[in-house]
Amino acid sequence: MTARIQGIRGMNDILPGETPYWQYVEDAARRVLDAYGYREIRPPLLERTELFARSIGEVTDIVEKEMYTFSDRSGDSLTLRPECTASMVRAAIEHSLLRGQIQRLWTMGPMFRYERPQKGRYRQFHQIDVEVFGAAGPDVDAELILLTSRLWRALGLPGLRLELNSLGTRDAQAAYRSRLVDYFRRYRDELDEDSRRRLDTNPLRILDSKNSQMQHLIEAAPKLVEHLDAESDEHFEELKAILAAAGIEFRVNPRLVRGLDYYTRTVFEWVTERLGAQGAVCGGGRYDNLVADIGGEPAPATGFAIGMERLVALLRTHDVEPPTHAPHAYLLALGRDAARAAHPLAERLREQCPRLRLVVDGGEGGLKRRLRRADRSGAQLALILGEDEVRDACLSVKQLRTPADQARVPQTELGEYLQRVLVDEGTGQ
Ligand code: AMP
C-alpha cells in the first residue's frame, strides 16, 4: 500500500462531530458583536514579516521562534499571521479607516505559531479578534470586557475569572524597566538562562516566567501597577470603577504582562481553572502606540482575542450541548422509479419548509440496511418512497425516535405534515 500522508503536528482537523460547537460559538459571537455595533473585517492570512517584527516586538517568543516565515517566489519575506491585531491595524491604516473616527471591528479565523503542541496549545489555532480604534477612554476598555462577559453568558459558560492590570505608558514602562533590571541584577545568580538573557532584552517578560524556582523572586519584584504615571493611574481607576458599576468582578494581577510588546495601560485576561495549564481563554488590552509604530497617524486602540479551541474545550467541560445539525428527515428511495422521483419531491419539500434538513438516499441496499443508515444520520423521520408510494403519490413516514405507527401521507400534504411534526424545532415557516 502507498504510504499515507499525515496532517501536520499541532494543526487539527475539526471534524463534523465538533463543528456544531464551533458554529455555536461563531453564531453567538456574531450576535453579541452585532449587538455592540462591531463590524466584520477579513484581512488575509499572510502579511509581510516586518509587520509582526515591528508590532509584536523583535524580542518576544512569537517573533524569535514561533513564526511560520518563508520567502515567496519573488523573494519577499512573508509570515503566516501569528495573531491578528497587527493585520487589523495595517488594514485600517491602508484603507483610511482611522481618520478621526471610532472604528469597532472584528474578525475570526486561524492563526499560526510554531509552539510545542500540547492540550490547548496548537500550531494552527483560531481566534475571535476584536479591536476598537480611535477611542482613548477607559469606557471602551470596559465595553470590550462587558462584551466578552455577555458572550460567556450567551454561551452558557459560568465561572470565567477576569484578571486586570495596567502597564502604563511607554515612559512609565521604561522607568519601571530600569527599576526591574536593578532588582533582578541583584539576584542574577538565581535567574535561569532565559531570564538572564531577558534582563538585557525584555526584562518585563521575566515576570511571565513559569520557572517555579524563580517564583519567590518574581513575587517580591517591584510592581508596575504601583509605579504608574498619573494619567495611566487615573485611567485604571476609572476602568475599575466602570466595571464595578456594571457588576463585573475582577482581580488585579500585577504580574499580568502578556506576551506581546505593544500593550500600554490596560491589559486583561479571562481565565479558567478547568483547562489545566492553558487556562487563558481570552486576552487583550490597550495599545495606544501601535498605529503610529506601523506608520499611521497616531490613534489610540484597544482590543482582545479569544482562543476558540479553548472556548470549545471549556464548553465541553460544562456539558453545554450545541444545537443539533442532524437531519430532520431522511428520504429513502427504493427502486429506479422512486430514485427518479425522490429529488424533485425533496426539492419541493425544501421550498415549502426552508429550514428543513433533509437527506436524500437514492442508493443501494434493502430497506432494513437503509433504515439503519437513516437511524445513524440522527434523523427523526424516515420518509420511505417505494414502488407503491410512487404509484399512489404518497410516502410512508416512519418515526425513528419515538414508537409510533407508520403513516402514509399524500405527497401533496407532506410539506404541511413536516411543518406540523417539526414545528417544535422551529422548522415551520
Ligand atoms: P495572544 O494572541 O497570545 O494574546 O492569545 C490570545 C488567546 O489566544 C489566548 O488567551 C488563548 O486562548 C489563545 N491562544 C494563543 N496561542 C494559542 C495556541 N498556540 N493554541 C491555542 N490557543 C492559543
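Atoms within a ligand are numbered from 1 in the order they appear, just like the ligands themselves.
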Original post:
Which pairs with one or both residues in residues 65-74 pass salt bridge (charged side-chain N to carboxylate O under 4.0 Å, His left out), sequence neighbours excluded?
Top reply: Asp61-Lys65
Subject >> Contact check: Ile306 vs ligand 1, nitrogen or oxygen atoms, below 3.5 angstrom >> reply: no
**OP:** Answer with yes or no whether Glu309 contacts ligand 1, where contact means a heavy atom under 4.0 Å from a ligand atom.
**Re:** no
What pairs of donor and acceptor atoms, side-chain ones from residues 311-318 against any protein atom, are under 3.5 angstrom apart with sequence neighbours left out?
from, atom 1, to, atom 2, distance (Å)
Thr317, OG1, Arg274, NE, 3.0
Thr317, OG1, Leu314, O, 2.8

Original post:
Any salt bridge between Glu237 and Lys240, counting N to O under 4.0 Å?
Top reply: yes
Subject >> Contact check: Ile62 vs ligand 1, nitrogen or oxygen atoms, below 3.5 angstrom >> reply: no
Original post:
Any N/O of Tyr263 closer than 3.5 Å to an N/O of ligand 1?
Top reply: no
Original post:
Where the closest heavy atom to atom 5 (O) of ligand 1 is concerned, which of Gln127, Glu83, Arg123 has it?
Top reply: Gln127
**OP:** Could you check if a side-chain atom of Arg350 sits within less than 4.5 angstrom of a side-chain atom of Leu358, using non-hydrogen atoms only?
**Re:** yes
**OP:** For Leu167 and Val257, work out which heavy atoms get closest and say how close.
**Re:** CD1-O, 3.9 Å
Subject >> Atom indices of ligand 1, in the order listed, that fall short of 4.0 Å to a heavy atom of Ala305 >> reply: 6 (C), 7 (C)
**OP:** Could you list which atoms of ligand 1 come closer than 4.0 Å to a heavy atom of Ala280?
**Re:** 9 (C), 10 (O), 11 (C), 12 (O)
